[in-house]
Every structure is written in structure tokens, then in C-alpha cells.
Chemist: 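Before I ask anything, let me first share the structure, which is written out below as C-alpha cells.
Lettering of chains follows the sequences in order, A, B, ..., and the numbering in each one begins at 1.
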Amino acid sequence: MQQYQRSKVCRANSWLVVGSSAPFVPISLGARQTCPVTRTEGTSGISEVDHGNAELLTQSVRGWFEVHARDLPWRDPGTSAWGVLISEVMSQQTPVARVAPAWQRWMAQWPTPADLAAASPADVIRAWDRLGYPRRALWLREAAIKICEDFDSAVPSRYEDLLTLPGVGDYTAAAVAAFAFGQRVVVLDTNVRRVIARSVSGVETPESASPTVAERRLAEAMLPIDGAAAAHWSVACMELGALVCTSRSPDCGECVLKSTCAWVAAGRPAAANRARPTQRFTGTDRQVRGKLMAILRAADGPVTARALGSAWPDDTQRMRCLDTLIADGLVEPLPRSRYRLPT
DNA sequence: GAATCGTGGCT
DNA sequence: TAGCCAAGATT
């Protein structure tokens, strides 16, 4: 039998109410009375958000974070907005543990946007080392130049301005606005999406590949009113997703939300198998590009086409990859079939 | 929406 | 072992 909890509609957030004429049902059969959200039957819209219970959830995670947060270098209170931006871009699709030492070296070399704006592409590509996706290093340099030209050499604080920087998308713009400037913005990364999907919506993983409008509304409804508190919740939620509520093997027994988690209450049902094309890496252009870049990074000066031949035996694929690297601005072609990192 | 874009650790 | 996964952005 279902126990309905009729959540209170906060008048200040009444715009969140969607389809309020439909009957209320709990978000899942196992949802406890502390589940902060109910849905309207037959829709995916949010009916109501119980802000009291949402606050309990966010407070729990924030309290956990205060005890278990990793000691990452950019979490030093003295870190500049520039440092935050660098940490966020470096952390895109790259494990944080691998980012930390690179971030420290990077910040020592280019402590301000103006410093990086004066660097050469070759310098930033080498400093990027093996973080992966080296285009991010070029975008960061271009962002530094734009910051100097359009924003008086200071990292902009507005989400909309941050979005104009190359390599800065929704997540990174929101993360900088929140973590560097204490603004109340929804920070929806893969960790936050997973934690909310499980603890509130009762499903193992978010349904869609990219955040939906419904997800944003839900995340917005759960966001603490105060900007600093909202940012603290976001970073704490990300940390919980990274350390406890992980994608592959969540440690529910040690989770602060175990007693209120909708997914745990439902018996941790597995997500429906959606046949994703298993993305292999071996033999792809990405691997070849990586090998070519590794040779160019290690070389002091220009490299011959013959030297690059050792990267990959397939001439056609190797040359195709070299062309795309040139098109991306990661490689500079020279006369007599020689190549180098762009100066 | 789907494809593309590095790298290395973990299971 | 081979696949999965990691603080996404761009085209």
C-alpha cells in the first residue's frame, strides 16, 4: 500500500508546480517520508518539492563533505577564480587524482590569465602533458586571451559571460560561477545527476545522456537559497558521487543518504539495458592522435614524417590523423615534411 | 542527437 | 582480459 505524503507547496517556488491537477503518487514505492519530491502520475514533470526534506538531504551531504572531502589543491580558500577555472577544465573527463599535480605546475607557471595569454601553444600543450584531450589546453589559452581582451584580464563572474569562453560549456560555467563566486546556480555534472537520480528519483542512472529540463527543474528545486550554501551543496554532492555513490560500485552501506535514498528503498533496481555502442579505443584515430602528440611533445624541435611513422604503421590513418591535428591547431606543418608543436 | 575527442586505472 | 569509466565541450 502506498503512503502518500502530501508535500507542502512553497509559495515562493510555486512556479515549480507542474500538472498539479493530477493525483499525487510517491516517486517510488519505497520512497520514505523524507523523499523531497513527488511526481504527477503519467508525466515526468515535478509536482511538488518538499523544501524541508530537500534541505535535510542537502544538509546531510554537506555535513558528510565536511568530514570526508578530499584535500584537493584548488580547494584552498585562497584559490583564485582563474585557478578554479583551470581545475574545472582539467577535470573534464579526467580523473581528479591525475589533475592535481598538473594543476599545481600549471598555476605556478601561469598564475593569471595574462600569464597564460602570453604563452605559446607549444608551451601549454607540453604543460598539459598526458591529461588527455589536448584541445582543452589550446582552448584554455584562447580563453585566457579572450579574458584579457574582453573582460579586463579578470575571469568573469557571470554564467553567461563564462559561457562565451572557448572550452567552457554549461557545467564549467556553472561550476566557476558557484565555486569561485558563490553564486546560486545549478551545477549539473555526472556525479550530481547520478546522486539525484538515485537518492530522489529512485533510478540507478539518469535516463538520458544529457541533462533534461526535468532534471534541471529538480536540481533547481533542491538548491539551497543562499548562494554559498548552494555552492557547498553542489561540491559536496559531486564528492559523494565521486567517492561513495559511484557509477560502478556504489558503497551504499557507507552513504549518508542510505536511510532516505529512494533507489536503496526500491531495492537498488538495475537500469534498463540500453544498448550503447561500446566505444573501443584501440586502433581508433584517438589513439593514433595521442601517439603522434606524445612524439611531438617529447621532441625539442621539429620532427620528421619518418619519425612520426613509428607512432602508427598504417600510413593512411596516420596521415589522416596528422591532418586533423593540424586542423585543430595542435600541430604545425613545416617545409620538407617536418612537423612541430605550434609556436 | 549522435559522433568525436586522450589517457590510464580499475575490475 | 577487455570493457568500463573519469568534475564535458564541440560540431
Side-chain angles (χ1 to χ4, degrees), chain A residues 65 69-70 72-75 83-103 125 128-140 142-143 162-180 185-195 204-212 231 233-243 245-251 271 273-297 311-312 320-321 323-325 327-331:
Chain A
F65 178 79
R70 289 169 292 183
L72 301 175
W74 50 86
R75 286 179 178 166
V84 172
L85 174 60
I86 301 298
S87 75
E88 295 301 339
V89 173
M90 284 186 168
S91 298
Q92 294 168 0
Q93 298 292 286
T94 300
V96 165
R98 212 186 308 169
V99 167
W103 181 87
I125 291 168
W128 195 256
D129 196 36
R130 291 178 297 183
L131 290 179
Y133 298 139
R135 291 184 298 176
R136 289 181 294 167
L138 294 183
W139 288 335
L140 216 34
E142 293 163 13
L162 287 162
L163 264 188
T164 68
L165 302 176
V168 175
D170 167 71
Y171 162 75
T172 303
V176 173
F179 304 149
V185 294
V186 172
V187 182
L188 263 190
D189 82 321
T190 184
N191 290 306
V192 174
R193 294 184 67 204
R194 185 173 56 249
V195 170
E204 184 182 24
T205 60
E207 304 289 345
S208 66
S210 55
T212 63
W233 145 251
S234 292
V235 70
C237 189
M238 289 169 63
E239 194 79 341
L240 188 70
L243 300 182
C245 190
T246 60
S247 176
R248 183 56 77 86
S249 55
D251 190 2
N273 276 339
R274 60 178 57 199
R276 296 182 191 172
T278 172
Q279 50 179 5
R280 52 178 355 99
F281 176 68
T282 305
T284 62
D285 284 2
R286 282 153 81 168
Q287 183 182 30
V288 178
R289 283 167 56 106
K291 287 181 174 296
L292 291 171
M293 289 302 296
I295 292 175
L296 289 160
R297 277 198 309 268
W312 199 252
R320 177 176 72 239
C321 290
D323 284 341
T324 65
L325 288 172
D328 287 342
L330 287 164
V331 174

Chemist: Select base, sugar-phosphate, or nothing to describe what A:D170 touches, counting heavy atoms under 4.0 Å on all strands.
Modeler: sugar-phosphate
Chemist: Check whether the side chains of A:Y171 and A:Q92 place a donor and an acceptor atom closer than 3.5 Å, and report yes or no.
Modeler: no
Chemist: For A:L72 and for A:L165, find the nucleotide of DNA chain C with the closest heavy atom, then tell me which residue's nucleotide is more 5'.
Modeler: A:L72
Chemist: Just to be sure I understand the rule, does A:V89 reach a base, reach only the sugar-phosphate, or reach nothing, if contact means heavy atoms closer than 4.0 Å?
Modeler: nothing
Chemist: Toward the 5' end of DNA chain B, which comes first, A:T324 or A:S249, by nearest nucleotide?
Modeler: A:T324
Chemist: Taking only the P atom of each, what is the distance from B:dG9 to C:dA9 in whole angstrom?
Modeler: 25 Å
Chemist: How would you label the contact of A:R297 with the nucleic acid (heavy atoms, under 4.0 Å): base, sugar-phosphate, or nothing?
Modeler: sugar-phosphate
Chemist: Rounded to whole angstrom, note down the C1' distance from B:dG6 over to C:dA6.
Modeler: 12 Å
Chemist: Could you check which of C:dG3, C:dA6, C:dG8 has an atom nearest any side-chain atom of A:Y171?
Modeler: C:dG8
Chemist: From CH2 of A:W103 over to P of C:dA6, roughly how many Å is that when rounded to an integer?
Modeler: 24 Å
Chemist: So A:A97, base contact, sugar-phosphate only, or nothing? Heavy-atom distance under 4.0 Å.
Modeler: nothing
Chemist: Describe the nucleic acid contact of A:T172 in one word from base, sugar-phosphate, nothing, applying a heavy-atom distance below 4.0 Å.
Modeler: sugar-phosphate
Chemist: Taking atom P of B:dC5 as reference, at what distance in whole Å does atom CZ of A:R289 sit?
Modeler: 6 Å
Chemist: Using a cut-off of 4.0 Å on non-hydrogen atoms, how would the nucleic acid contact of A:T246 be classed: base, sugar-phosphate, or nothing?
Modeler: nothing
Chemist: Looking only at side-chain atoms of A:T190, point me to the closest of C:dA7, B:dG1, C:dG3.
Modeler: C:dA7
Chemist: For the base of B:dT7, is there a side-chain donor-acceptor partner from A:R98 under 3.5 Å away?
Modeler: yes
Chemist: Looking at A:E239 and A:R70, would you say the former's side chain and the latter's main chain have a donor-acceptor pair under 3.5 Å?
Modeler: yes
Chemist: Which residue lies toward the 5' end of DNA chain C, A:R248 or A:S87, if each is placed at its nearest nucleotide?
Modeler: A:R248
Chemist: Taking atom C1' in both B:dA2 and C:dA7, what distance in whole Å separates the two?
Modeler: 23 Å
Chemist: Measure CZ/A:R193 against P/C:dG8 and give the value in whole Å, please.
Modeler: 10 Å
Chemist: Any base atoms under 4.0 Å from A:W128, or only sugar-phosphate, or nothing? Heavy atoms, all strands.
Modeler: nothing
Chemist: With sugar-phosphate meaning primed atoms plus P, OP1 and OP2, does A:G132 contact a base, only sugar-phosphate, or nothing at under 4.0 Å between heavy atoms?
Modeler: base
Chemist: Please state how far atom OH in A:Y133 lies from atom C1' in C:dG8, giving the value in whole angstrom units.
Modeler: 9 Å
Chemist: Return the minimal non-hydrogen interatomic distance between A:A231 and A:A178, and the atom names on each side.
Modeler: CB-O, 3.4 Å
Chemist: Can you tell me if A:T246 uses its side chain to pair, donor with acceptor, with the backbone of A:A242 under 3.5 Å?
Modeler: no
Chemist: Which whole-number value in Å describes the distance from A:L85 CG to C:dA9 P?
Modeler: 11 Å
Chemist: When you compare the side chains of A:S247 and A:R194, does any donor N or O come within less than 3.5 Å of an acceptor on the partner?
Modeler: no
Chemist: Do the side chain of A:T94 and the base of B:dG6 come within less than 3.5 angstrom through a donor-acceptor pair of N or O atoms?
Modeler: yes
Chemist: Distance check needed: C:dT1 C1' versus A:F281 CZ, whole Å only.
Modeler: 17 Å
Chemist: How long is the line joining CD of A:Q93 and P of C:dA9, in whole Å?
Modeler: 9 Å
Chemist: Mind checking A:R135 for me? I need base, sugar-phosphate or nothing, with any heavy atom below 4.0 Å counting as a touch.
Modeler: base
Chemist: Of the options C:dA6, B:dT7, C:dA7, whose atoms approach the side-chain atoms of A:R130 most closely?
Modeler: B:dT7
Chemist: Between atom CD in A:Q287 and atom C1' in B:dG6, what is the gap in whole Å?
Modeler: 10 Å
Chemist: Students often get this wrong, so: under 4.0 angstrom with heavy atoms, is A:R194 touching a base, only sugar-phosphate, or nothing?
Modeler: sugar-phosphate
Chemist: Looking only at heavy atoms, what is the nearest atom pair of A:L330 and A:R289, with distance?
Modeler: CD1-NH2, 3.8 Å
Chemist: Check this for me, if you would: do A:R193 and A:E207 make a salt bridge, where the nitrogen-to-carboxylate-oxygen distance has to be below 4.0 angstrom?
Modeler: no
